[in-house]
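Residue numbers run from 1 in the order of the sequence given.
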Amino acid sequence: MRKTLLLLMGVTIFATSCTKDPIITEPTEKPDGGTKPKPEDPEEENIVGNTGDYAIPAAYLQYYAKVDFTKDGMQLKKQLAKLVKETHKPQSYTPGIWFASEFTDEDPENKDNVLQIYSWPDRDAKDDITKKRSVNKEHKNNNTSSLPVTSLWEREHVFAKALAVDKPKNQKALNTTYSEDKPTAIEDIAGHDAHHLRAINRSTNSSRSNRKFVDGTGNSKTVGKEYWYPGDEWRGDVARMMMYMHIRYENENGGGYTKASKAGMPIDSKNGLLSDEMIDLFLKWNAEDKVSEIEKRRNEYHGNPNNPVYKYSQGNRNPFIDNPELAYRIWGGPKPVNNWGK
C-alpha cells in the first residue's frame with residue numbers, strides 16, 4: 001500500500017512539473033499597490049541582446065541592447081514590456097504634457113501649430129473648425145484663451161481613461177492630476193503617459209468620448225452610438241498607441257489593465273480575439289497605415305531623455321513605431337512593413 005501511495009505521488013509531481021505556463025502572464029502588481037512574489041524565470045534572467053535578422057539603426061541600438069530579437073510571441077512581448085517600463089520616467093500632466101505636446105505634435109509645415117488627431121484633410125474640413133488639421137499652439141484649452149472652445153485644442157487620451165476599469169478587480173480608471181508633481185500611482189502614470197496623449201480639437205474630443213474603436217473607412221466619425229472610427233490617416237497611429245499601452249500596463253493594477261480588447265472591437269466577433277488579448281483590428285490597422293512623420297517625431301522626443309532640449313521626455317520608446325513588424329512577430333496577423341530589414 002505504501003509503495004502504491006509513493007508511486008501515485010510521484011506521478012502527480014511529474015504531471016504538475018510538465019504543465020505548460022498559460023500564454024497570458026500573471027500580474028506582478030495588485031490593485032492596492034502590493035506586489036505578488038515573482039517566480040524565478042531563469043530563461044528571462046539569462047536574456048542576452050541579439051539583433052537576430054534585424055538591422056537596427058545605430059541610434060536605437062543602445063536602447064534595445066538587452067532585447068533578444070531571435071525570440072518571438074510572448075517571449076519577445078515580455079522583453080519589450082520590461083524595457084518600456086524600466087525606461088519610463090513619468091512626467092507631470094501640467095505643465096509637462098502641454099509642453100511636450102507642443103513639440104511632439106508640431107505641424108511639420110508650420111512650427112507655430114500642432115496637428116490634431118482625428119482631424120480631416122483640409123479639402124474635407126473646409127470651414128468646419130472642429131475638423132481643422134492644424135491650429136496655433138497658443139490656442140490651448142487651459143483657460144488662457146478667449147476664443148470659443150470649438151477653436152481650442154487639448155490633450156486626448158487615445159486609450160480612453162474609463163476603458164481601463166475592470167470592476168471585478170476593483171481597478172481604477174486612468175487618472176490625471178493638474179499639478180507639477182510627477183505621478184506615482186499607476187493609474188496616474190498611465191493617465192499621464194505621453195505615448196497615448198495627442199493634441200485634439202475640444203469638440204472632437206467630446207464626440208469621441210470613451211467610445212471603443214471600430215473598423216471603417218474615410219474620415220473620423222461616430223459609428224452607431226457606441227463606436228468611433230479614427231479616420232484613415234490616424235488608424236495606424238491609434239493601433240500602435242494601443243499596442244504600446246497593452247504591453248506597458250497589462251500586468252499593472254491587478255492584471256489586464258489595458259487589454260486591447262477593452263479599447264477596440266474585433267473585426268470578427270467570433271474569431272477576432274487572438275492570444276494575449278491583442279485584437280485583429282489593431283493588427284490590421286498597423287499593417288495598413290504606415291508610420292507617419294509625426295509618430296517618429298514623438299518617439300524621438302520621448303525616447304531621448306539625454307537631450308537637454310527635451311525637457312519633459314519620458315525616456316521610453318514605442319517599439320511599434322520604431323518597427324511595426326514587431327507586432328507581427330508577437331501576435332501574428334497581417335504582416336506590416338519591416339523598418340529594420342537587412
Salt-bridge present ([X], [Y]; N to O < 4.0 Å):
X      : Y      : answer
Glu106 : Lys111 : no
Lys284 : Asp215 : yes
Glu187 : Lys161 : no
Arg317 : Asp322 : yes
Glu288 : Arg235 : yes
Glu154 : Arg202 : yes
Arg208 : Glu156 : yes
Lys77  : Asp276 : yes

Hey, do the aromatic rings of [X] and [Y] have their centres closer than 6.0 Å?
X      : Y      : value
Trp98  : Trp153 : yes
Phe103 : Tyr310 : yes
Phe69  : Trp340 : yes
Tyr93  : Tyr178 : yes

task: Just jot down the salt bridge (Lys or Arg N to Asp or Glu O under 4.0 Å) partners of Lys132, sequence neighbours excluded, or say none.
output: none
- prompt: Is it true that a side-chain atom of Asp289 and a backbone atom of Gly236 form a donor plus acceptor pair closer than 3.5 Å?
  reply: yes
- prompt: Is a side-chain N or O of Asp188 found less than 3.5 angstrom from the main chain of Leu174, in a donor-acceptor match?
  reply: no
- prompt: Where does the angle between the aromatic ring planes of Phe159 and His196 fall among parallel (under 30°), tilted (30 to 60°) and perpendicular (over 60°)?
  reply: perpendicular
query: Is the Tyr118 ring parallel, tilted or perpendicular to the Trp228 ring (thresholds 30°, 60°)?
result: perpendicular
message: Pair Asn318, Arg240 - check side chain to side chain donor-acceptor pair (under 3.5 Å), show working.
response: CA-CA 8 Å; Asn318 182 336; Arg240 288 178 280 274; over 6 Å; no
Taking atom types as modelled, is there a side-chain donor on [X] or [Y] under 3.5 Å from an acceptor on the other?
X      : Y      : result
Asn316 : Thr87  : no
Asn323 : Asn338 : yes
His157 : Asn205 : no
Ser261 : Glu277 : yes

message: Within a 6.0 Å radius of atom NZ on Lys342, are there more than 12 heavy atoms belonging to other residues, nucleotides or ligands?
response: yes
field: Min side-chain heavy-atom separation Lys212-Met265 under 4.5 Å
entry: yes
Step-by-step side-chain contact (heavy atoms from CB on, under 4.5 Å) determination, Glu300 to Thr104: CA-CA 9 Å; Glu300 291 311 311; Thr104 61; over 6 Å; no
message: Go through it in stages, so that I can follow the logic: the residues are Tyr249 and Asp193, the test is side chain to side chain donor-acceptor pair (under 3.5 Å), and I'd like the CA-CA distance, side-chain angles, deciding distance and then a yes or no.
response: CA-CA 11 Å; Tyr249 300 101; Asp193 197 317; 2.5 Å; yes
Atom pair OG1/CG of Thr258 and Leu163 - distance to nearest 0.5 Å: 11.0 Å
task: Take Lys137 and Asp107 through the test salt bridge (charged side-chain N to carboxylate O under 4.0 Å, His left out) and record every step on the way to the result.
output: CA-CA 10 Å; Lys137 291 178 180 179; Asp107 183 346; over 6 Å; no
